Amino acid sequence: MEQSYLDNLVGVFGHPVAENPTCVMQDAAFQHLGIRWKYLTIEVLPEDLGKAITGMRAMNMRGINLTIPHKVAVIEHLDEVAPDAAIMGAVNTVRRDGARLIGENTDGKGFLRSLTEDAGLDPAGKKVMVLGAGGASRAICVELANAGVQRIDLVNRSAGRADALLELLRRNTEVDVRFHKWDSTVGVPGDADILVNATSIGLFPEVTALPDVDMQTIREGLVVCDVIPNPPQTSFLQRAGERGAVTLDGLGMLVYQGAIGFKMWTGLDAPVDVMRQALQNVFG
Ligand code: NDP
């Protein structure tokens, strides 16, 4: 079927956004499926976000991703926000339903899909320790709680962000959540099934940085996940793997959150292997 090129524009708004790698994986997916879609990387200043969303509506763009600093601020410009994104208070993907713009958050969903498809693990009933209480942690904790995990041990350096996350989990979900202030080396509880590094520790170029975790408490069979997509094999995952843990990298989360957005926009199943390979080529 012949399609109008301009009907099939998507992209990302951010500031700064030049280094954002998402265009590479989305365009690779469009090309692989032979569809005439294009992903644009667009620098938008915070004070221009409302105008950018108006422009996106006027240009009939099919959807948009939001990255720093727009994930929270975008909400007031949308017609509707999906329930899980409303709980998180953050939107990373906007999709269209006719003229209506709907806010979604695919970060936590991408993490869950990586957990179930790449690690073969159903999180229901599991006990999870999560390091960090920022945006990535928030998305992951809400989706883990919605997926029926039994307990979340939340570890964070500062109490402020952790308190806000604890409160929203207690108010909106059934999960048993406990806070541990991260002011010295933290140990993984003996009954934990999953450990998630949801901090930015280890992100390129700080590739040798390690979260302050007692590695002796990482035992064989524990599933250890990192949200860091670049480098995919972080020093932390490497060490956890040496202790016999099952490791899951942040590249999977990044690919699947994009794949879920791709499906929301195009209605098609995303070619996840093509998207992963495209990102791997960028990250080297
Ligand atoms: P935020 O800035 O919102 O949160 C960062 C978190 O890391 C906070 O909890 C912060 O603690 C903690 N932190 C940072 N440095 C340290 C340190 N030295 N010691 C202890 N704690 C530390 O960032 P995001 O949550 O948005 O992003 C976190 C990471 O997740 C980034 O590396 C990002 O690339 C990655 N990410 C990956 C995605 C994927 O698809 N794979 C998707 C989204 C994000 P405190 O509150 O005390 O400051």
Side-chain angles (χ1 to χ4, degrees), residues 66-72 75 82-93 104-115 119 121 123 126-183 186-189 192-203 206 209-213 218 222-230 234 236-237 240 247-254 256-257 260:
L66 286 312
T67 187
I68 291 170
H70 302 314
K71 287 186 179 184
V72 176
I75 289 176
D84 57 341
I87 292 173
M88 293 166 205
V91 161
N92 77 335
T93 303
E104 302 270 359
N105 196 313
T106 65
D107 281 338
K109 291 184 176 67
F111 173 80
L112 271 195
R113 193 160 152 197
S114 181
L115 195 63
L121 190 84
K126 299 291 190 291
K127 301 180 186 75
V128 190
M129 175 174 261
V130 179
L131 309 175
S137 170
R138 192 175 264 246
I140 287 170
C141 287
V142 168
E143 296 296 350
L144 282 174
N146 286 342
V149 296
Q150 189 189 116
R151 192 183 77 211
I152 295 176
D153 289 280
L154 186 68
V155 180
N156 203 49
R157 179 177 58 179
S158 59
R161 274 205 269 202
D163 283 346
L165 178 50
L166 278 169
E167 213 236 296
L168 82 82
L169 287 170
R170 287 184 177 142
R171 195 163 14 100
N172 296 289
T173 76
E174 302 285 310
V175 71
D176 172 14
V177 57
R178 302 159 189 195
F179 173 58
H180 309 263
K181 187 152 169 49
W182 202 1
D183 45 17
V186 68
V188 183
D193 304 289
I194 305 168
L195 170 66
V196 186
N197 174 34
T199 74
S200 42
I201 302 168
L203 184 65
E206 310 291 334
L210 284 166
D212 193 4
V213 174
I218 293 189
L222 180 73
V223 176
V224 178
C225 317
D226 208 322
V227 298
I228 304 287
N230 182 24
T234 59
F236 182 53
L237 286 186
T247 62
L248 196 62
D249 67 41
L251 192 58
M253 174 178 169
L254 185 61
Y256 286 122
Q257 66 78 28
I260 293 164

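Residue numbers start at 1 and run along the sequence shown. Because the structure is a prediction, the values reported are computed rather than measured.
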Under a 3.5 Å distance rule, please check whether N92 uses its side chain to pair with a backbone N or O of T106 as donor and acceptor.
yes
Do D249 and D226 make a side-chain contact, defined as non-hydrogen atoms from C-beta onward lying under 4.5 Å apart?
no
With a 4.5 Å heavy-atom cut-off, do V224 and L237 have their side chains touching?
yes
Considering all heavy atoms, the nearest P123-L144 contact
CB-CD2, 4.1 Å
side-chain contact (heavy atoms from CB on, under 4.5 Å) with F111: of E143, Q257, M253, only one passes, and it is M253
Does a side-chain heavy-atom distance below 4.5 Å link I194 with V149?
no
Check the pair L169, V142 against side-chain contact (heavy atoms from CB on, under 4.5 Å), reporting the backbone distance first and the verdict last.
CA-CA 7 Å; L169 287 170; V142 168; 4.2 Å; yes
For the student: nearest non-hydrogen atoms of G89 and V72, plus distance
O-CG2, 3.5 Å
Just verifying a value: how many Å separate N172 CG and D84 CG, rounded to the nearest 0.5 Å?
11.0 Å
Do L168 and R138 have side-chain heavy atoms sitting under 4.5 Å apart?
yes
Between L121 and D193, is a side-chain contact (heavy atoms from CB on, under 4.5 Å) present by the stated rule, with each step listed?
CA-CA 10 Å; L121 190 84; D193 304 289; 5.7 Å; no
Which heavy atom of A85 sits nearest a heavy atom of V91, and at what distance?
CB-CG2, 4.2 Å
Any side-chain heavy atom of N197 within less than 4.5 Å of one from T234?
no
Between CG on residue L166 and CZ on residue R171, distance to nearest 0.5 Å:
11.5 Å
Could you tell me whether the side chain of D107 reaches within less than 4.5 Å of the side chain of K71, counting heavy atoms only?
yes
List the atom of F236, the atom of L195, and the distance in Å for their closest heavy-atom pair.
CZ-CD2, 3.7 Å
All salt bridge (charged side-chain N to carboxylate O under 4.0 Å, His left out) counterparts of R161, not counting sequence neighbours:
none
Which atoms form the tightest heavy-atom contact between A90 and N105, and what is the distance?
O-ND2, 3.0 Å
Would you give the length of the straight line joining atom CG of L112 to atom CG of N146, rounded to the nearest 0.5 angstrom?
8.5 Å
Residue pair D153, V188: steps toward the side-chain contact (heavy atoms from CB on, under 4.5 Å) verdict
CA-CA 9 Å; D153 289 280; V188 183; over 6 Å; no
Under 3.5 Å, is there a donor-acceptor pair between the side chain of R151 and the main chain of K127?
no
L154 CG to C141 SG distance, which is reported to the nearest 0.5 Å:
5.5 Å
Any heavy-atom pair between the side chains of L203 and P229 that's under 4.5 Å?
yes
Starting at OG of S137, measure out to CE of M88 and round the result to the nearest 0.5 Å.
11.0 Å
Measure the shortest side-chain to side-chain distance between W182 and H180 over non-hydrogen atoms and say whether it is less than 4.5 angstrom.
no
Could you go through the side-chain contact (heavy atoms from CB on, under 4.5 Å) check for L115 and Y256 one step at a time?
CA-CA 10 Å; L115 195 63; Y256 286 122; over 6 Å; no
Nearest heavy-atom neighbours spanning G110 and I260
N-CD1, 3.8 Å
